[in-house]
Undergrad: 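Quick one: this structure, given as structure tokens, is what I'll be asking you about.
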Amino acid sequence: MDVVHSASIDITVPRKSFKKTPSALLDSLVEKPEKRHAVPNHLLESKTYSELQRSKVVQAEPAVLHYGGYEVGKHHQQTLKLINISANVINLHIIPPQTEYFQIKYNKTHQLVPGLSYVVTVDFYPDEWRYYYDCIRIHCEGDDTLAVPVHAYPAVNVVEFPSSINLSGVPIGQ
């Protein structure tokens, strides 16, 4: 058997042979992209989303999402269930919140069978102490719509209240 030796090729490129092209020259050759206009959302502009908690075919649990007592700069998360309460298989259009502070994630792989639900994860990212508001809109077949309000407010998130308060008798002026 003959052994074939590969030829070694060494390419040496001097560093100064490639000159850096000034960016002003490149900018004149490349056309600047135009700003794109926002694509209109037909479902958002043509429908009225006034139903809360439940429509003819969908029920939201919870009906309203509250982020009370949030911390600035931290990520907060809640889940929303959209349940098919009709007798038919339905297809939903979930329109996400319009502000940058609320974002949703969900996995929609099929139509919604009666009794089953989609689980929507709602993320909240506050950047300052103030009141935040947005809405998740659900569009079903026909004119059936549902709105799920989302509120966030900088308050103490205490849900425990005493069951009874004892105010004992005290003389007047004491």
Undergrad: Below 30° counts as parallel, above 60° as perpendicular, anything between as tilted: where do the rings of Y133 and H151 land?
TA: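 Ring orientation of Y133 relative to H151: tilted.
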Undergrad: Between N107 and Y118, which heavy-atom pair has the shortest distance, and what is it?
TA: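 Closest approach of N107 to Y118: O-CD2, 4.1 Å.
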Undergrad: Find out whether I94 and I136 are in side-chain contact, i.e. whether some heavy atom of one side chain is under 4.5 Å from a heavy atom of the other.
TA: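 I94 reaches I136 side chain to side chain.
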Undergrad: Just so I know, are the side chains of K108 and N91 near enough to count as touching, which here means a heavy-atom distance under 4.5 Å?
TA: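 A side-chain contact under 4.5 Å exists here.
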Undergrad: Show which residues join I83 in its hydrophobic cluster (side-chain heavy-atom contacts under 4.5 Å, direct or indirect), or state none.
TA: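 Its cluster partners, ordered by chain and number, are I85.
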Undergrad: So do the side chains of L112 and V89 get within less than 4.5 Å of each other, counting heavy atoms only?
TA: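 The answer is no; the side chains never approach within 4.5 Å.
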Undergrad: By the salt bridge (charged side-chain N to carboxylate O under 4.0 Å, His left out) test, which pairs, at least two apart or in different chains, include something from residues 68-80?
TA: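 Listed once each, the pairs are E71-K74.
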Undergrad: Kindly work out whether a path of hydrophobic side-chain contacts (I/L/V/M/F/W/Y, heavy atoms less than 4.5 Å apart) joins V148 to V119.
TA: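 Cluster IDs for V148 and V119 differ.
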Undergrad: For S86 and N88, which I'm curious about, is there any donor-acceptor pair between the side chains at under 3.5 Å?
TA: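 Not at all, the side chains of S86 and N88 share no donor-acceptor pair under 3.5 Å.
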Undergrad: In a check of ring-ring contact (aromatic ring centres under 6.0 Å, His included) between Y70 and each of W129, Y131, Y153, which one passes?
TA: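 Only match with Y70 under ring-ring contact (aromatic ring centres under 6.0 Å, His included): W129.
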Undergrad: Working to the nearest 0.5 Å, report the span between CD1 of I90 and NZ of K56.
TA: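 If I round to the nearest 0.5 Å, the distance is 13.0 Å.
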Undergrad: Could you give the distance from CG (L82) to OH (Y106), rounded to the nearest 0.5 Å?
TA: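 Spacing of CG (L82) from OH (Y106) equals 9.5 Å.
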Undergrad: Quick one: are T145 and S55 in side-chain contact, heavy atoms under 4.5 Å?
TA: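 Not in contact.
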Undergrad: Which atom pairs, donor and acceptor, lie under 3.5 Å between side-chain atoms of residues 120-127 and protein residues at least two apart or in another chain?
TA:
{"from": "D123", "atom 1": "OD1", "to": "H75", "atom 2": "NE2", "distance (Å)": "3.0"}
{"from": "D123", "atom 1": "OD1", "to": "Q77", "atom 2": "NE2", "distance (Å)": "2.8"}
{"from": "D123", "atom 1": "OD2", "to": "K105", "atom 2": "NZ", "distance (Å)": "3.2"}
{"from": "D127", "atom 1": "OD1", "to": "Y132", "atom 2": "OH", "distance (Å)": "2.9"}

Undergrad: Do you know which two heavy atoms are closest between C135 and A147, and how far apart they sit?
TA: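 Closest heavy-atom pair between C135 and A147: SG-CB, 3.7 Å.
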Undergrad: Looking only at heavy atoms, what is the nearest atom pair of Y101 and R130, with distance?
TA: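 What the structure gives for the nearest pair is CE1-NH2, 3.1 Å.
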Undergrad: What's the shortest heavy-atom distance between V58 and C140, and which atoms?
TA: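 Nearest heavy atoms, V58 then C140: CG2-SG, 3.3 Å.
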Undergrad: Going from CG on L65 to CG on D134, what distance comes out if it is rounded to the nearest 0.5 angstrom?
TA: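 Here the rounded value is 11.0 Å.
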Undergrad: First locate atom CG of L92, then atom CG of D144, and finally report the distance between them rounded to the nearest 0.5 Å.
TA: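 So the CG of L92 and the CG of D144 are separated by 9.5 Å.
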Undergrad: Is any side-chain heavy atom of P62 closer than 4.5 Å to a side-chain heavy atom of L80?
TA: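 The answer is yes, as the side chains (C-beta and beyond) meet within the 4.5 Å cut-off.
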